[in-house]
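Just so you know, these numbers use all the heavy atoms, side chains as well, and skip hydrogens, waters and symmetry mates. Bear in mind the structure is a predicted one, so any value in this text is a computation, not a measurement.
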Amino acid sequence: AERILQEAIKKVEHLTDFKIRTAQFMIALIGVQVALNDTTALDAAIAKVEQEGLRSLLSADERAVFDTYAADRAFQQAESAQERGEDLRAQEFLRRASSQYKEVLNAEPNNHYIWFRLGQVSLKLKDYASAVSNFTTARQFALKARDQDAGHWSLFFWIQALALSGDRSQARDLSVQYRQKSFEIL
């Protein structure tokens, strides 16, 4: 009986190793599909990882990469759905993107790109308070990372979110401060 148990354990270990390698291969494949802009294959690969439970077999870093790809794709799908006038479908994709970006932030809380994307999702969902918070955080982390371009874009969208939230005076003040600082640099 013990020999049969040991053989069964070896089979399960082999299967688990195979599933982990499959999950890692799918992440690499997703990266290639993103680079090639092959959205049909990308959607199929993301669905396979999610449906077969492969995500749970990935390391924290690999999960963050997968979740970023999946969230970015959901955001693209939301924009396409909005262009076609499918607002309910767009909302569904935006909620999925928001959830996946938040998963990435669990692993990478200082990732200014993810904070920025979450801010964009919040803007599209008309959750202006969250958008302001997300863009503020994105700007802080972008400046810490010495990524000036990301810092400027975060500020631009932060000002937009403030204006849309109804806080036009703070948006105006920030805009004036930013403009003055820009002239000082020149």
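Residues satisfying the side-chain hydrogen bond (donor to acceptor under 3.5 Å, both in side chains) test with Ser122, not counting sequence neighbours, are Asn134. Applying the salt bridge (charged side-chain N to carboxylate O under 4.0 Å, His left out) criterion to Glu103, with sequence neighbours excluded, gives Arg55. Partners of Leu125 by side-chain contact (heavy atoms from CB on, under 4.5 Å), not counting sequence neighbours, listed by chain and number: Gln91, Leu94, Val121. By the side-chain hydrogen bond (donor to acceptor under 3.5 Å, both in side chains) test, Gln76 pairs with Arg73, sequence neighbours left out. Residues passing the side-chain hydrogen bond (donor to acceptor under 3.5 Å, both in side chains) test with Thr137: none are found, sequence neighbours excluded. When the ring pair (Phe, Tyr, Trp, His ring centres under 6.0 Å) test is applied to Phe157, the partners found at least two apart in sequence or on another chain are Phe116, Phe135. Under the rule for a side-chain contact (heavy atoms from CB on, under 4.5 Å), the partners of Gln148 that lie at least two apart in sequence or sit in another chain are Leu143, His152.
Closest approach of Gly119 and Ala131 over heavy atoms only: O-CB, 3.8 Å. Heavy atoms only, all atoms of each residue included: Phe141 and Pro109 are closest at CE1-O, 3.4 Å. Closest heavy-atom contact between Ile114 and Thr68: CD1-OG1, 3.6 Å. Minimum interatomic distance between His112 and Ala138 (heavy atoms only, all atoms of both residues): CB-O, 3.4 Å. Nearest heavy atom pair, residue Ala74 against residue Phe93, reads O-CB, 3.3 Å.
The hydrophobic clustering, which links ILVMFWY residues whose side-chain heavy atoms are closer than 4.5 Å, places Val104 and Trp115 together. Side-chain heavy atoms closer than 4.5 Å link hydrophobic residues (I, L, V, M, F, W, Y) into clusters, and following such links, even through other members, never connects Leu105 to Val65.
Rounding to the nearest 0.5 Å places CZ of Phe156 at 13.0 Å from CG of Leu174. Here the straight-line distance linking atom CD1 of Ile159 with atom CG of Leu164 works out to 12.0 Å at 0.5 Å rounding.
The list of side-chain hydrogen bond (donor to acceptor under 3.5 Å, both in side chains) pairs with a residue in residues 92-101, not counting sequence neighbours, reads Glu50-Gln100, Asp72-Tyr101, Tyr101-Arg117. Residue pairs meeting the side-chain hydrogen bond (donor to acceptor under 3.5 Å, both in side chains) criterion with at least one member in residues 158-173, sequence neighbours excluded: Thr136-Trp158. Within the structure, every pair that satisfies the side-chain hydrogen bond (donor to acceptor under 3.5 Å, both in side chains) test and touches residues 81-90, not counting sequence neighbours, is listed here: Gln82-Lys124, Arg84-Glu86.
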